[in-house]
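Reading through the structure tokens given below for one structure.
Naming convention: chains lettered A, B, ... in sequence-line order (proteins, then strands); numbering from 1 in each chain.
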There are 2 protein chains.
Amino acid sequence: MTMCPKKTTKVGRPRSSDKETSERGERILNAAEELFALHGYDGVTLRTLANAAGVDVALINYYFGPKQQLFDTVFKRRAEILNQERLTALENARQASAPDVIAVEKIIEAFLRPLEVAQESDDEGWRNYCALLAYVNNSAVWGPVLMSKHYNDLVDVFIDALRQALPKADDADLYWCYHYMSGAMSLTFANTGRIDKMSGGLCRSDDFQAAYDRMIPFIAAGFRQVCDR
Amino acid sequence: MTMCPKKTTKVGRPRSSDKETSERGERILNAAEELFALHGYDGVTLRTLANAAGVDVALINYYFGPKQQLFDTVFKRRAEILNQERLTALENARQASAPDVIAVEKIIEAFLRPLEVAQESDDEGWRNYCALLAYVNNSAVWGPVLMSKHYNDLVDVFIDALRQALPKADDADLYWCYHYMSGAMSLTFANTGRIDKMSGGLCRSDDFQAAYDRMIPFIAAGFRQVCDR
DNA sequence: TTGACAATTCAACAAGCGATGAATTTTAAT
DNA sequence: ATTAAAATTCATCGCTTGTTGAATTGTCAA
């Protein structure tokens, strides 16, 4: 007779009393968020992900279907929340400025500040999501699909506000400037650690307040220069 | 006896007179440049690459060693050329401004314009390389390694020029602004087609002149706002 | 003419990939 | 008590991955 070594995993549905076995769907999404942000879609295997989430590999498919669908789910999850917070920030700024039309700086701030808040929050997932957003935004494969799908409506609202704030601008100017803002923002929260090396440690990529406090006037001045001539 | 179907490939070293068989190393690098830029490091398999280059898969290893080393070679190839052109542009601007110190706009222009020229050149490879640069710059895996390795010296030179042009700025301001510029630039030549969709076709991501003509004043105004207060 | 070397193809390797069907266990409704 | 459904593990499928060794053919100097 052979010894039966202690089996650490049990087959079948776990007891609902069993702690550590709950919220496995969320655990998968969180791990996926982190890994996709760091290594990109093709850089993450389902087995690595399963391991990081402490879950059997088949469970990923059970919850989220094929890999592509999982990626879409991860990206979508916080997009809606972020959009909502940006819209609220814009609406608040509008009311604070009334009856005047809202100033460029305030629009930029409504766009950027929710990201700073997210990145500084206790929920580490938001930091990962911001890096994921940077990855998708810069990807020729995912960008045109996912960004358009989940963020185009928001863009329209903000472009509209900017059009009112900068009445002399033509639309091409506005869209290009928006594009620059999007790029600056992306690299900033891609959080690659590049600025740390570049500056010899003087600047730290996780110093979000330093990043955003300078970024808002930087971008606003750019808009004014190009769109308010 | 079985029929012998026409063999399309021949084993062994090809005749040197054989056209279509020369410069295979370069063909591999060019295809790699394009595919890595589009799909990222993990999104490209050596077989796909071999197929795109019209070459046997084993030949990639023969010329360039393992995959990582190939990636490094691809990235390095044009980095040196680009650095040289940027330095020349900066030197030209310096002499044109002498004896005054060189103005911010001119520095930004020396940094950005060589990229526009590259992207508009007949050599399609430059367009691919720019997209690759965007990928690496935004990647948390490759960015800190490759960007620092091949572009840090250049950064020092340009930061130095900016420090002279903006004597009131402290270094943290300069590095952060440089970072925003880098991000805006990256997304612009990542060439994802995003701005096309966003603007409903009004702006085209391959309209490099439109992109750079607005980008230079945009960035310069940002620098002035943050670093010249 | 021989022999070293360069350039190429081919076949194969072990490892890893995403996906799935079957088995197992628990829950919850009937 | 019975049964359908939910949640999980496991084993395995057919492919694909990066890499390498052996075979083949051409070049060029000695």
Side-chain angles (χ1 to χ4, degrees), chain A residues 2 4-32 35-36 39-74 141-142, chain B residues 4-32 35-36 38-74 141-142:
Chain A
T2 54
C4 178
K6 189 95 127 301
K7 203 62 166 342
T8 156
T9 49
K10 283 231 313 228
V11 81
R13 179 171 180 162
R15 293 249 156 71
S16 41
S17 61
D18 211 352
K19 204 65 185 171
E20 199 70 40
T21 199
S22 53
E23 303 155 346
R24 290 181 122 155
E26 289 229 337
R27 289 227 309 274
I28 292 171
L29 289 181
N30 291 337
L35 292 176
F36 281 140
H39 298 107
Y41 180 78
D42 295 295
V44 179
T45 74
L46 294 183
R47 282 166 176 87
T48 311
L49 170 55
N51 199 41
V55 142
D56 188 275
V57 66
L59 210 56
I60 302 176
N61 231 269
Y62 175 72
Y63 274 120
F64 302 107
K67 194 183 179 187
Q68 294 215 19
Q69 194 175 306
L70 167 68
F71 190 75
D72 196 86
T73 304
V74 170
V141 172
W142 298 104
Chain B
C4 178
K6 189 96 124 300
K7 202 65 164 346
T8 154
T9 50
K10 281 233 311 236
V11 83
R13 178 171 182 164
R15 292 248 157 68
S16 40
S17 60
D18 212 351
K19 204 64 185 170
E20 198 70 43
T21 200
S22 52
E23 303 155 347
R24 288 179 125 160
E26 290 228 338
R27 289 227 308 274
I28 292 171
L29 288 182
N30 290 337
L35 292 175
F36 281 140
L38 193 53
H39 298 105
Y41 180 79
D42 295 295
V44 179
T45 75
L46 294 183
R47 282 169 176 86
T48 311
L49 170 54
N51 198 41
V55 141
D56 188 275
V57 66
L59 208 57
I60 302 177
N61 231 269
Y62 174 72
Y63 274 118
F64 302 106
K67 192 183 181 188
Q68 295 214 19
Q69 194 176 306
L70 166 68
F71 191 74
D72 196 86
T73 303
V74 170
V141 172
W142 299 104

Nearest-Å distance, [atom1] ([X]) to [atom2] ([N])?
X       : N      : atom1 : atom2 : answer
A:Asp42 : C:dG16 : CG    : P     : 18 Å
A:Ile60 : D:dC10 : CD1   : C1'   : 15 Å
A:Phe64 : C:dG18 : CZ    : P     : 16 Å
A:Ile28 : D:dT8  : CD1   : C1'   : 11 Å
B:Tyr41 : D:dT17 : OH    : P     : 13 Å
B:Phe71 : D:dG18 : CZ    : P     : 14 Å
A:Leu59 : C:dG18 : CG    : P     : 16 Å
A:Asp56 : C:dT20 : CG    : C1'   : 12 Å

- A:Asp42 to B:Gly43 - nearest heavy-atom pair and separation: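 Answer, listing the atom of A:Asp42 first, then B:Gly43: OD2-CA, 3.4 Å.
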Measure from the side chain of [X], starting at C-beta and using heavy atoms only, and say which of [options] lies closest.
X       : options                : answer
A:Ala58 : C:dA19, C:dG21, D:dG18 : C:dG21
B:Arg13 : D:dT25, D:dT9, D:dT19  : D:dT25
A:Leu46 : D:dG26, D:dT8, C:dG18  : C:dG18
B:Arg15 : D:dT8, D:dG26, D:dT20  : D:dG26
B:Asn61 : D:dA6, C:dA19, D:dT20  : D:dT20

- Under the 3.5 angstrom rule, does the side chain of B:Lys67 hit a backbone N or O of B:Val44 as a donor-acceptor pair?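 A pair under 3.5 Å: yes.
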- Query: With no angle test and no hydrogens, is the base of C:dG16 tied to the side chain of A:Arg47 by a donor-acceptor pair under 3.5 Å?
  - Reply: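 Absent.
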- Message: Within the 4.0 Å heavy-atom criterion, would you say A:Tyr63 contacts the bases, only the backbone, or no part of the nucleic acid?
- Response: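 It contacts sugar-phosphate atoms only.
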- Side-chain contact test, heavy atoms from C-beta onward, threshold under 4.5 Å: evaluate it for B:Leu49 versus B:Val57 and give yes or no.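 Side-chain contact under 4.5 Å: no.
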- Relative to the 5' end of DNA chain C, which residue comes earlier, A:Thr45 or A:Tyr62, by the nucleotide with the nearest heavy atom?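 The residue mapped nearer the 5' terminus is A:Thr45.
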- Message: Nearest 0.5 Å, please: how far is CG in B:Leu29 from CD1 in B:Ile60?
- Response: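 Output value for this atom pair is 10.0 Å.
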- Query: At under 4.0 Å, does any side-chain N or O of B:Arg24 touch on OP1 or OP2 of C:dT9?
  - Reply: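 It does, given that an N or O in the side chain of B:Arg24 lies less than 4.0 Å from OP1 or OP2 of C:dT9.
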- Query: Which of parallel (below 30°), tilted (30 to 60°) and perpendicular (above 60°) describes A:Tyr41 and A:Phe36?
  - Reply: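 It falls in the parallel class, under 30°.
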